[in-house]
**Student:** 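Questions regarding the structure given below will be posed in turn.
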Amino acid sequence: MIVVAEDHEDIRYVLKRSLERAGHRVVAAADGAAALEAVREHRPDLVVTDVDMPRMTGLDLCRAIRADDDLRHIPVVVASGSLLPGDESAEAAGASATLLKPFVPAQLLALIARLLDPAPRA
């Protein structure tokens with residue numbers, strides 16, 4: 001299961017549909033606070049979050065997940081149009097990976113596959 005945190009409804013819809021078509025169960029949240037509640041309730045395999053959202057930013061969501069002993073193992077992908085290449089704020093917040101918008105769903109799916117199956121390929 002994947003929790004998606006994205007405040008733009010159209011982007012949230014595209015992310016949810018793309019992930020579902022790839023075989024993932026998805027819980028979508030419109031802001032970071034709702035996403036944190038979903039993470040605590042569902043214990044997902046991975047979180048995908050935007051940065052700029054109401055109530056709680058994606059970076060604050062990432063920090064909250066990393067500060068919780070029961071959740072800190074969950075990979076967090078920060079997907080943002082507001083971060084510039086080389087910006088280390090997502091990494092500093094504990095993000096597992098950063099994906100700069102705009103991106104195509106295949107890029108996100110490849111990143112998720114790598115994070116959920118980190119075993120090196122021969």
**Student:** For atom CZ of F103, decide whether the heavy atoms of other residues, nucleotides or ligands shown that lie under 6.0 angstrom number more than 12.
**Tutor:**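 More than 12 heavy atoms, drawn from other residues, nucleotides or ligands, come within 6.0 Å of this atom.
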**Student:** Flag the pair R114 and D117 as a salt bridge only when some basic side-chain nitrogen lies within less than 4.0 angstrom of an acidic carboxylate oxygen.
**Tutor:**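 D117 and R114: not salt-bridged.
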**Student:** Which donor-acceptor pairs under 3.5 Å do side chains of residues 43-52 form with protein atoms, sequence neighbours excluded?
**Tutor:**
residue : atom : partner : partner atom : Å
R43     : NE   : R40     : O            : 3.2
R43     : NH1  : D70     : O            : 3.4
D45     : OD2  : M1      : N            : 2.6
D50     : OD1  : K101    : NZ           : 3.3
D52     : OD2  : S82     : OG           : 3.0

**Student:** Are the side chain of R66 and the backbone of G94 linked by a donor-acceptor contact shorter than 3.5 Å?
**Tutor:**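 Checked: pair present.
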**Student:** I'd like to know whether L116 forms a side chain to side chain contact (heavy atoms under 4.5 Å, CB included) with H24, so could you lay out the CA-CA distance, the side-chain angles of the two residues, the decisive distance to 0.1 Å, and finally the verdict.
**Tutor:** CA-CA 11 Å; L116 292 180; H24 299 285; 3.9 Å; yes
**Student:** Any donor-acceptor pair under 3.5 Å linking the side chain of E91 with the backbone of E88?
**Tutor:**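 A pair under 3.5 Å: no.
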**Student:** What's the separation between atom CG in D60 and atom OG1 in T57, rounded to the nearest 0.5 Å?
**Tutor:**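 If we round to the nearest 0.5 Å, D60:CG and T57:OG1 are 3.5 Å apart.
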**Student:** Around atom CZ of R25, are there more than 12 heavy atoms of other residues, nucleotides or ligands at under 6.0 Å?
**Tutor:** no
**Student:** Go through the steps for L108 and L19 under the test side chain to side chain contact (heavy atoms under 4.5 Å, CB included), then give the verdict.
**Tutor:** CA-CA 9 Å; L108 177 61; L19 293 169; 4.3 Å; yes
**Student:** Counting N and O atoms only, with roles assigned by atom type, does the side chain of R12 sit under 3.5 Å from a partner on the main chain of E6, one being a donor and the other an acceptor?
**Tutor:** yes
**Student:** Could you walk me through whether V39 and I74 pass side chain to side chain contact (heavy atoms under 4.5 Å, CB included), step by step?
**Tutor:** CA-CA 9 Å; V39 169; I74 299 170; 4.0 Å; yes
**Student:** What are the two closest non-hydrogen atoms of K16 and A28, and how far apart are they?
**Tutor:**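 That would be CD-CB, 4.1 Å.
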**Student:** Hey, could you give me the CZ/CG distance between R55 and D7, rounded to the nearest 0.5 Å?
**Tutor:**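 So the gap between those two atoms works out to 12.0 Å.
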**Student:** Between R72 and I65, is a side chain to side chain contact (heavy atoms under 4.5 Å, CB included) present by the stated rule, with each step listed?
**Tutor:** CA-CA 5 Å; R72 69 177 50 188; I65 290 170; 5.6 Å; no
**Student:** Is M53 reachable from L99 through a run of hydrophobic residues whose side-chain heavy atoms are each under 4.5 Å from the next?
**Tutor:**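 L99 does not cluster with M53.
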**Student:** I need the L36 CG to L71 CG distance, nearest 0.5 Å.
**Tutor:**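 Nearest 0.5 Å value for the CG-CG distance: 7.5 Å.
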**Student:** Has S18 got a side-chain atom pairing as donor or acceptor with V14's backbone, closer than 3.5 angstrom?
**Tutor:**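 Answer holds: yes.
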**Student:** Between A5 and A35, which heavy-atom pair has the shortest distance, and what is it?
**Tutor:**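 Where A5 meets A35 most closely, the heavy atoms are CB-CB, 3.5 Å.
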